[in-house]
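Here is the naming used below: chain letters follow the sequence lines, and residue numbers restart at 1 for every chain.
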Amino acid sequence: MANVKRSPWILHYDGSSCNGCDIEVLASMTPVYDAERLGVENTGDPMQADIFLITGGINSQNASVVKQLYDQMPRPKVVVAVGICACTGGVFKDAYNILGGADTVIPVDIYVPGCAARPQSIIDGIIRARDLFQKRSEEHDALMKKKNLERRQA
Amino acid sequence: MTTAVRVIFVVLYVLLAPLIGALLAGIDRKISARMQRRIGPPVLQPLYDVIKLLKKQVIAVDRSQGFLIVSYMILTVITGCLFFAGVDVLMVFFILGTSSVFLYLAAVVTGSAMSSMGAQRELVQDMAIEPALLFSAVGFYLATGSFEVGSIIGGPVSAIVKMPGFFAAFLFVLTIKMRKSPFDTAQGTHAHQELVKGITTEMGAKNLAYFEITEWYETVLMMAVVAIYIINSHPASIIAAIVVILLVYFLEILIDNTCARLKWKDMLVLSWTVTLISAGVNLILLMVI
Ligand code: SF4
């Protein structure tokens with residue numbers, strides 16, 4: 001019952017992607033691939049999200065946006081970089097405005113390569129992310145317990 | 001109803017309503033999924049969601065939000081308790097209106113544009129709902145001679161026989177109350193919309209969990225109102241009421257999956273027109289005959 005991994009809610013952010021990966025991310029939510037059967041919900045709201053799905057590379061304009069979205073998400077959270085652009089910068093790597101992959105501004109946990117990443121591999125990434133989410137949640141619970149105990153003793 | 005029966009009903013409501021509400025919400029998501037030819041989440045998904053939300057870190061933009069949300073939840077539960085204790089339906093509808101003010105405050109207190117706009121739409125939704133609810137209460141009085149739930153369901157014939165127009169108006173606003181598709185302007189359950197998450201944009205973790213739990217209590221209360229239209233002194237009418245509730249719920253899911261969202265103005269005009277025509281005509285007939 002207490003498995004939080006049954007309910008991974010996703011925040012999807014399009015960095016400077018060519019939209020190829022975004023279409024595949026949305027495809028994995030549609031009836032054909034039906035990520036909702038895993039409990040996935042595509043929330044547009046960082047306050048309610050557990051998994052941050054980011055597509056496209058980081059450029060000088062969206063770096064602060066990505067960082068802010070990440071900070072607005074409550075712990076425990078997992079970041080998934082979808083597509084080779086989000087992993088390393090991809091074909092746009094050498095462009096003057098590209099800083100690199102998503103991991104140049106926030107810690108990325110799971111990399112889903114591909115150009116564009118296929119829905120199957122995106123769903124595979126989500127499944128790996130939700131296992132990590134479960135693990136983080138347990139760590140978070142243990143930490144909260146310890147904190148509460150300390151507060152009570154003080 | 002004796003006092004003991006009232007107490008049992010209230011206790012059952014407080015304990016079972018969230019479970020029934022969650023199950024109905026889960027079935028809703030499953031049926032919606034099947035309508036779109038996909039597998040869909042497990043039936044217990046709403047419960048999993050709420051359990052997860054309760055465990056997440058709380059980030060609140062404004063600290064009073066938690067208090068306001070809890071007040072909203074408690075007031076809604078009290079409304080349900082009053083209903084199941086067999087008190088006046090008119091009072092139940094009034095208090096239900098009051099509780100949604102707390103939800104409005106919880107959303108505007110954050111100062112976020114998205115959630116404030118969602119909150120204003122929520123008020124418009126309440127305005128669209130209220131006339132039909134009040135008409136229902138008046139209809140019950142005219143048809144059965146009492147506002148009390150106990151006497152309404154104690155008559156020899158079901159209330160719906162004398163008040164089909166009121167029932168139609170009530171069904172119409174039920175779609176708004178349940179945040180179903182043509183009217184989910186303040187907050188939508190499916191996908192995200194132009195207002196991010198509308199009224200719940202700034203609610204995360206346990207605040208959102210309380211919001212969801214309140215929705216479940218409210219659904220059960222609304223279904224109970226459907227039931228008192230049907231139930232009469234004959235015990236078999238209870239089975240009929242359950243069948244009608246399931247049909248109504250299915251109808252809501254069907255509407256949800258086949259309609260696109262309307263603008264709030266259309267919603268207001270449409271719901272008032274339907275209320276005035278169908279409940280109004282019924283009212284005149286009841287008063288004349
Ligand atoms: S990985 Fe390929 S498809 Fe995806 S955003 Fe980059 S260029 Fe587009």
- Message: Under a 4.5 Å cutoff for heavy-atom pairs, which residue among Val32(A), Asp50(A), Leu38(A) has the most contacts with chain B?
- Response: Asp50(A)
- Task: For each of Gln72(A), Arg75(A), Met29(A), Met73(A), tally heavy-atom pairs with chain B at distances under 4.5 Å, and name the one with the top tally.
- Result: Arg75(A)
- Message: Please classify the contact of Ala49(A) with chain B as side chain, backbone, both or neither, using a heavy-atom distance under 4.5 Å.
- Response: backbone
I'd like to know if the side chain of [X] reaches the main chain of [Y], judged simply by a donor and an acceptor atom lying under 3.5 Å from each other, with no hydrogens or angles considered.
X         : Y         : value
Ser115(B) : Gly111(B) : no
Tyr217(B) : Val14(B)  : yes
Ser17(A)  : Asp14(A)  : no
Tyr249(B) : Leu24(B)  : yes
Asp62(B)  : Thr110(B) : no

- Task: Mark yes or no: Lys77(A) above the aromatic ring of Tyr70(A), with NZ or CZ under 6.0 Å from the six-membered ring centre and no more than 45 degrees from the axis.
- Result: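 That pair qualifies as a cation-pi contact.
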- Task: Could you tell me whether Lys56(B) sits above the aromatic face of Trp9(A), with NZ or CZ closer than 6.0 angstrom to the six-membered ring centre and within 45 degrees of the axis?
- Result: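 No.
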- Choice from Arg37(B), Met203(B), Gln36(B) maximising heavy atom contacts with chain A below 4.5 Å: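 Heavy-atom pairs under 4.5 Å are most numerous for Met203(B).
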- Item | Residue selection (most heavy-atom pairs with chain A, distance under 4.5 Å) from Lys52(B), Met114(B), Lys30(B) |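 Maximum pair count with chain A is reached by Lys52(B).
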- Message: Report which part of Leu208(B) has an atom under 4.5 Å of a heavy atom belonging to chain A: side chain, backbone, both, or neither.
- Response: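 It is the side chain, since no backbone atom gets that close.
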- Note on the structure: If one checks every heavy atom of Leu54(B) against chain A at 4.5 Å, the contacting part turns out to be neither
- Task: Could you grab the distance from atom CG of Leu132(A) to atom NZ of Lys5(A), nearest 0.5 Å is fine?
- Result: 11.5 Å
- Message: How close do Ser271(B) and Ala128(B) get, counting heavy atoms only, and between which atoms?
- Response: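 Shortest heavy-atom contact: OG-CB, 3.2 Å.
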- Output the residues of residues 140-154 of chain A for which the shortest heavy-atom distance to chain B is under 4.5 Å, in residue-number order; output 'none' if no such residue exists. His140(A), Asp141(A)
